[in-house]
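To start, the structure itself, in structure tokens.
Every chain is numbered from 1 and lettered A, B, ... according to where its sequence line falls, protein lines coming before strand lines.
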Amino acid sequence: MKKRTEIAKILKTPPLNAEITVMGWVRAFRSNRFIALYDGSSANTLQIVVDFEQFDEVLLKKISFHACLSVTGKLVESQGAGQSVEILAEQIEILGESNPEVYALQPKVQTMEFLREKAHFRMRTATFSAVFRIRHGVAYAVHKYYNDRGFYYLHSPIITGSDAEGAGEMFQVTTLNLDQPPRTEDGKVDFSQDFFEKATNLTVSGQLQAEIGALALGKVYTFGPTFRAENSNTSRHLAEFWMIEPEVAFYDIEDNMDLAEDFVKYLINYVLEHYPDDVALLDKRIQDLEKNMKMEDRRPMGLLDTLRFVIENDFERITYTEAVELLRNSKEFKKKKFEFEPEWGKDLQAEHERWLVEKHFKKPVIVRNYPKGIKAFYMRMNDDEQTVAAMDVLFPGIGEVIGGSQREERHDRLLQRMHEMGIEEEELWWYLELRKFGGCPHAGFGLGFERMVQFITGMGNIRDVIPFPRTPGYAEF
RNA sequence: GCCUCCUUAGCUCAGUCGGUUAGAGCGGCGGACUGUUAAUCCGUAGGUCCUUGGUUCGAGCCCAAGAGGGGGCGCCA
């Protein structure tokens with residue numbers, strides 16, 4: 001294959017007057033003379049200038065939307081206003097035709113819903129290519145952040161033998177014949193004949209295994225796919241999503257909050273620093289979209305301003321009890337604007353979280369010390385015996401981005417909570433033994449990777465920040 | 001799982017009170033155009049009005065069921 005130069009490289013340090021080859025897909029062919037070529041390396045296209053008298057008419061006809069080309073020519077300073085450099089085409093080869101009469105995409109604005117059904121083509125569009133470049137950037141930044149701070153990347157299992165991880169409905173994993181599964185004497189499915197000789201599921205969280213790592217390596221994080229068989233139909237939920245779960249020995253809930261805030265700000269900052277063109281493109285996309293919207297439906301700030309604002313300001317930190325008081329003293333509550341009454345002991349509703357984040361504080365909020373009754377068994381009991389050392393990081397637009405806690409390290413207290421919540425000891429014998437032998441205070445949290453990407457890209461639906469979304473009733477591609 | 005809205009040309013949508021031949025913009029196609037930037041200009045084709053059943057002299061429009069999609073809620077990340 002001929003050596004090609006990537007567009008990102010050309011734009012960064014233009015090899016002026018050199019003869020180079022570029023390969024990519026056609027975004028536009030204007031005025032019978034100008035091709036906007038895109039190759040994935042950059043949010044920007046490279047302009048190819050064609051003298052149509054030098055090329056065969058049949059070849060020129062094939063330069064259609066999203067056709068794949070190889071172009072060789074001299075790189076020169078552009079005479080036009082929209083770009084700094086351009087290639088004067090000397091050779092054009094059609095690597096892949098794209099018949100516009102039958103091709104699914106069109107050179108025009110198309111809806112996210114439509115493009116979602118064309119997931120095999122949507123990455124070629126300006127918006128989705130920007131989203132997926134940024135998605136990569138965030139993933140890389142996750143590893144860089146933890147590596148630079150002495151954390152170890154721990155691979156938690158995808159197939160799990162315990163169904164007590166407590167984070168939601170699970171997908172079953174089996175090699176048994178579902179038409180005629182073997183039965184035990186009392187008529188139940190006999191999982192002892194299954195591949196693992198027991199019932200297994202896809203993981204809903206790597207946290208419990210991460211705790212094993214933390215109590216040996218000190219600072220670890222997991223970053224892997226997570227599966228929840230919840231019938232959740234929202235723009236913030238996926239059945240298959242990626243989660244980052246740091247777990248740290250000798251951390252309490254305060255340290256945990258500090259880590260969460262610093263981590264999230266780092267990710268945003270990394271993207272702003274390394275993907276400014278993509279962020280600018282997405283920022284402009286939202287502005288264009290909102291031009292036709294009523295003022296009250298528009299975002300209070302543009303994407304870029306929102307991201308900068310989050311980095312530059314401290315997150316608000318309040319307790320659950322304070323949150324409930326604020327909500328009950330709000331004029332919205334007094335005017336009965338809330339559908340649900342904010343009441344101590346009940347979980348905060350989405351409308352309550354939105355009020356705190358978007359109306360009251362107007363910035364990310366960390367709520368901590370929730371009532372024990374609404375949180376998981378492993379969260380550490382506070383001295384008041386009523387609340388646990390849990391924390392949620394709430395973001396504008398998407399709500400909960402992070403959920404975490406200081407873990408209950410006291411064996412007797414953990415056992416007691418497990419009994420209260422009906423969790424079998426045998427199921428988590430190893431988790432209990434961690435508390436018996438060399439246990440210590442520790443804490444961690446889970447960050448929803450797609451929710452983070454959603455926030456950074458400003459995409460409205462989580463299905464548009466993962467290449468191939470899995471949701472109830474949908475597993476295409 | 002619950003609530004709600006939507007489904008008309010390739011895409012985005014309009015379609016009045018139930019009435020003759022269902023419209024627009026964009027996209028496509030044909031042509032023009034050698035400095036365009038969502039290019040522009042002229043011309044042109046393109047319809048299972050989501051499906052099934054019903055009401056009616058007559059249904060894109062009314063009713064019922066189903067399918068697909070969006071938004072909201074719950075569950076959470």
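Judged by the 6.0 Å distance and 45° axis criteria, Lys144(A) is not positioned over the aromatic ring of Tyr266(A).
Counting distance only, with no hydrogens placed and no angle test, the side-chain atoms of Arg236(A) and the base atoms of C73(B) include no donor-acceptor pair under 3.5 Å. Counting distance only, with no hydrogens placed and no angle test, the side-chain atoms of Glu86(A) and the base atoms of G35(B) include a donor-acceptor pair under 3.5 Å. Side chain Gln106(A) to base G10(B): a donor-acceptor pair is found below 3.5 Å. In the interface, the side chain of Gln47(A) is paired with the base of U36(B) through a donor and an acceptor atom under 3.5 Å apart. Side-chain to base pairing of Gln79(A) with U36(B): no donor and acceptor N or O lie closer than 3.5 Å to each other. Residue side chain Ser232(A) reaches the base of C75(B) through a donor-acceptor N/O pair under 3.5 Å, judged by distance alone. A donor N or O paired with an acceptor N or O is not found under 3.5 Å between the base of G72(B) and the side-chain atoms of Thr234(A).
Taking only side-chain atoms of Lys108(A), from C-beta outward, the nucleotide of A39(B), G70(B), G10(B) with the closest atom is G10(B). Closest to the side chain of Phe34(A), out of C11(B), G71(B), G35(B), is G35(B).
For the pair His352(A) NE2 and G74(B) P, the interatomic distance rounds to 9 Å; values are reported in whole Å. In this structure, the CZ atom of Arg116(A) is 16 Å from the P atom of G68(B), given to the nearest Å. Rounded to whole Å, the distance from CD on Glu101(A) to C1' on G46(B) is 11 Å. Tyr38(A) places its OH atom 18 Å from the C1' atom of A38(B), with the value rounded to the nearest Å. Following rounding to the nearest Å, Arg354(A) (CZ) and G72(B) (P) show an atom-to-atom distance of 8 Å. Between the P atom of A39(B) and the CD atom of Gln83(A) lies a distance of 13 Å, rounded to the nearest Å.
One C1' atom belongs to U52(B), the other to U7(B), and the distance between them is 16 Å to the nearest Å. Comparing the P positions of G69(B) and C11(B) gives an interatomic distance of 15 Å, to the nearest angstrom.
Residue-level contact check: Gly80(A) touches the bases, meaning some heavy atom is under 4.0 Å from a base atom. Using a 4.0 Å heavy-atom criterion, one finds that Ile398(A) contacts no nucleic acid atom at all. In this structure, Gln207(A) reaches neither bases nor backbone, as no heavy-atom distance under 4.0 Å exists between it and the strands shown. Using a 4.0 Å heavy-atom cutoff across all strands shown, Ala81(A) reaches at least one base atom of the nucleic acid. Across all strands shown, Phe52(A) has heavy atoms under 4.0 Å from base atoms, whether or not it also approaches the sugar-phosphate. Asn461(A) comes within 4.0 angstrom of the backbone, heavy atoms only, and of no base. When heavy atoms are screened at a 4.0 angstrom cut-off, Lys61(A) is found touching the sugar-phosphate backbone but no base atom.
Residue Arg30(A) places none of its side-chain N or O atoms closer than 4.0 Å to OP1 or OP2 of C41(B). Taking only side-chain nitrogens and oxygens, Thr111(A) comes nearer than 4.0 Å to OP1 or OP2 of U12(B).
Remark: aromatic rings of His352(A) and Phe338(A) are close, center separation under 6.0 Å.
Taking the 5.5 Å centre cut-off and the 30° plane limit, the aromatic side chain of Phe449(A) is not classed as stacked on A77(B).
Atom NZ of residue Lys372(A) and atom CD of residue Glu408(A) lie 11.5 Å apart, to the nearest 0.5 angstrom.
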